[in-house]
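Please read the structure below before turning to the comments.
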Amino acid sequence: MTERYTASELLAVMSARLLSDGQVVFAGVGVPLLAATLAQRLHGPGLTILFEGGVIGPFVVPGELPPSTNEQRCTRRANMVLPITDVLLLLQRGYVDIGFMGGAQIDRYGNLNSSYIGDPANPKIRLPGTGGGNDISSLTQMIVTMRHEKRRFVERVDFITSPGFIEGGTSRAESGLPTGGMFKVVTDLAILGFTETGREMVVEALHTGVSIDQVRDNTGFEIQVGELETTEPPSARELAVLRELDPDRLYIA
Amino acid sequence: MVKSYLELREETRTRDRSLREKVVSLEEAAAFIHDGDHVALGGCTLSRTPMALIWALIRARRKELTVSRSIVSTEGDLLYGSGVSGHIVTSWFSQGIVWGISKVMRHYTETGQARFEEWSHMSMGLRYRAGAMGLPFMPTRSMMGSGVREVIGDAAREIDCPFTGDRLLALPALNPDVALIHVQRADAYGNAQLDGLQFMDIDIAMAARRVILTTERIVSNDQIRRTPDQTKIPFFTVDAVVEVPFGAAPHECYGLYEPFFGHLDDYAKATKDDAEAGVKRYLERFHYGPDSWNDYLKLLGLDEMLDAARRGRSIHND
């Protein structure tokens, strides 16, 4: 008997499972922060979270989730605080295993847009921008978590805020980014990876009760399909710990 | 765009760097900022925002400022809405993810009334750092291949490393005309001690031509000298010091108060439907209306203040 859960809860649990004990994870606000904290509590006490505000290795307090990664709540039980520029430079130096953030719009090659909907010169919607997203995705391996909707999964993003594999193949390295790149995209329908040579998005696993046609219907481009696995639904324990972390349902509503 | 080195040195040489008292009022501090200046704000998002000085600039009807900050929250809305600034340089601009995208930012940028110049977060930091180091640029391995880099155009340049041949992006130094920084404590000379997250404040102070400090309290120079390791900004970079309790309200100041969440929820609601009229009404009520900063705090309300302070100090419970 499986429990009911929201789409955000599914995203948090599935993403948390991709993180391993001992990793250094640079987490953005929202579901990534929550999922990294969940992973710490479930299977990764030695997982080190970095926050953009300048925090190394905090344990966020249940019920006191921060509104961004730049408030005092982010520093709870941290090992160290340091200036923003220096925590971001840890990415460039190579100390970070995984960058982990949410996405507004993603394309076939894993490029992310959080800056403009429409023409950047005359946008329909001005979005909040990159924050550290561009630096994280330029300099390390990425996990992105987002809702699987046609308008979010597009052939080509309106604007590359955070680079994935740019135009696929070796174009990322040729653009001046020899390291990092998209590793996984976790959605409420599936887990997606990227092909070895073409660097195109490929469906790797479906969540329980989801069909490949559902994924195709909610993707705005012809998506490749790998050897499909099915994920285990969130367990009662995973959901219980997650709900304890976010009792006000700030990020899991 | 990048200041010449000799000009930078000359500006610094001619500054009064003596150990002298610099305590002024908020209104007097606002006079250090001139129309058209590039003003860098300390703190980040909802943290240690120099709100009292922004409040004073809005009331003084300063205009045509270029404002830069690591990440911009509601203070950016207020700078746009008041006409103090029509050009904000930052990496991220919205009230905060829990309130959705800022309607005020959207309105002013989408209608072309104001400009939001976007750089990556680390690029902002490295630009201030180059400025702090007296160098014209800082190389980075970030941002290449992205639209963010493309839109910036010639303001950043790709270079080949003279040692390895690696392709790098040269980011232009940013030396603001003025830095506004809010801290927990400082002495009358401007030795500033700040607790918790430092953000980009130290680089901003070192890079700027003038620094205005607001501080939750002014402490004696003797007290500073007992813990010099806690002093993060040296007095000779500072031009004015203002004592302003709750000087970042309704944002937070580490260890003292957290964001005034109720007020911020109300602000988001007030600017949701008609962003421009909403922000102007807010400015009228909270910025132009009250006679003093204390009257502004009264309008925020005692319940909100006590709640924010209780949560703020809870960081010390362990």
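In the text below, chain A, chain B and the rest are named by the order of the sequence lines, each starting its count at 1.
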Interface residue of largest heavy-atom contact number with chain B, from A:L127, A:V55, A:N134, under 4.5 Å
A:N134
Less than 4.5 Å to any heavy atom of chain B: does that hold for the side chain of A:E167, its backbone, both, or neither?
neither
Among the listed options B:R311, B:R167, B:M124, the residue most often paired with chain A at heavy-atom distances under 4.5 Å:
B:R167
Looking at every heavy atom in both A:V60 and A:R73, which two are closest together, and how far apart are they?
CG2-O, 4.5 Å
Please assess A:F194 against A:F165 for the test ring-ring contact (aromatic ring centres under 6.0 Å, His included), listing each intermediate value before the final yes or no.
CA-CA 9 Å; A:F194 292 83; A:F165 293 109; 5.6 Å; yes
How close do B:P259 and B:L264 get, heavy atom to heavy atom, and via which atoms?
CB-CD1, 3.8 Å
Counting only heavy atoms not in A:R156, do more than 12 sit closer than 6.0 Å to its CZ atom?
no
Of the listed B:T45, B:L197, B:I202, B:L168, the one with the largest count of heavy-atom pairs under 4.5 Å with chain A is B:L197
Residue-level contacts of residues 97-121 of chain B with chain A, using a heavy-atom cutoff under 4.5 Å
B:I97, B:V98, B:W99, B:I101, B:M105, B:R106, B:T109, B:E110, B:F116, B:E118, B:W119, B:S120, B:H121
Does OH belonging to A:Y95 count more than 12 external heavy atoms closer than 6.0 Å?
no
Are side-chain N/O atoms of B:Y128 and B:N175 paired as donor and acceptor at under 3.5 Å?
no
Is the gap between the ring centers of B:Y80 and B:F93 under 6.0 Å?
yes
Honestly, the part of B:T90 sitting under 4.5 Å from a heavy atom of chain A is neither
For B:C253 versus B:E216, what's the shortest heavy-atom pair and its separation?
SG-CG, 3.9 Å
Scored by heavy-atom pairs under 4.5 Å with chain A, the best of B:E158, B:M200, B:M143 is B:M143
Does atom NZ of B:K272 have more than 12 heavy-atom neighbours from other groups under 6.0 Å away?
no
Heavy-atom proximity to chain B below 4.5 Å, by part of A:L91
neither
Quick one: of B:S47, B:S91, B:S70, B:S73, who has the most non-hydrogen atom pairs under 4.5 Å with chain A?
B:S91
Are B:F246 and B:Y257, when compared by the centres of their aromatic rings, separated by less than 6.0 Å?
yes
Counting heavy-atom pairs under 4.5 angstrom with chain B, the leader among A:P123, A:G30, A:S115 is A:S115
Engaged part of B:S146 at the chain A interface, taking heavy atoms whose separation is under 4.5 Å
both
Within 6.0 angstrom of B:E150 CD, more than 12 heavy atoms from elsewhere:
no
Under 4.5 Å to a heavy atom of chain A? For B:V151 that would be side chain
Using non-hydrogen atoms and a 4.5 Å limit, figure out which bit of B:R149 sits close to chain A: side chain, backbone, both or neither.
neither
Using a cut-off of under 4.5 Å for heavy-atom pairs, which of A:T75, A:I166, A:V61, A:I136 has the most such pairs with chain B?
A:T75
How many angstroms lie between CZ in B:R48 and CD1 in B:I181, if you round to the nearest 0.5 Å?
8.0 Å
Just give me the residue among B:S142, B:S123, B:G145 that pairs up with chain A most often, heavy atom to heavy atom, under 4.5 Å.
B:S142
Part of B:L46 lying under 4.5 Å from any heavy atom of chain A
both
A:F221-A:F153 aromatic ring centre distance below 6.0 Å
no
What part of B:R129 is in contact with chain A, defined as an atom under 4.5 angstrom from a non-hydrogen atom: side chain, backbone, both or neither?
side chain
Separation of B:F199 CZ from A:L82 CG (nearest 0.5 Å):
11.5 Å
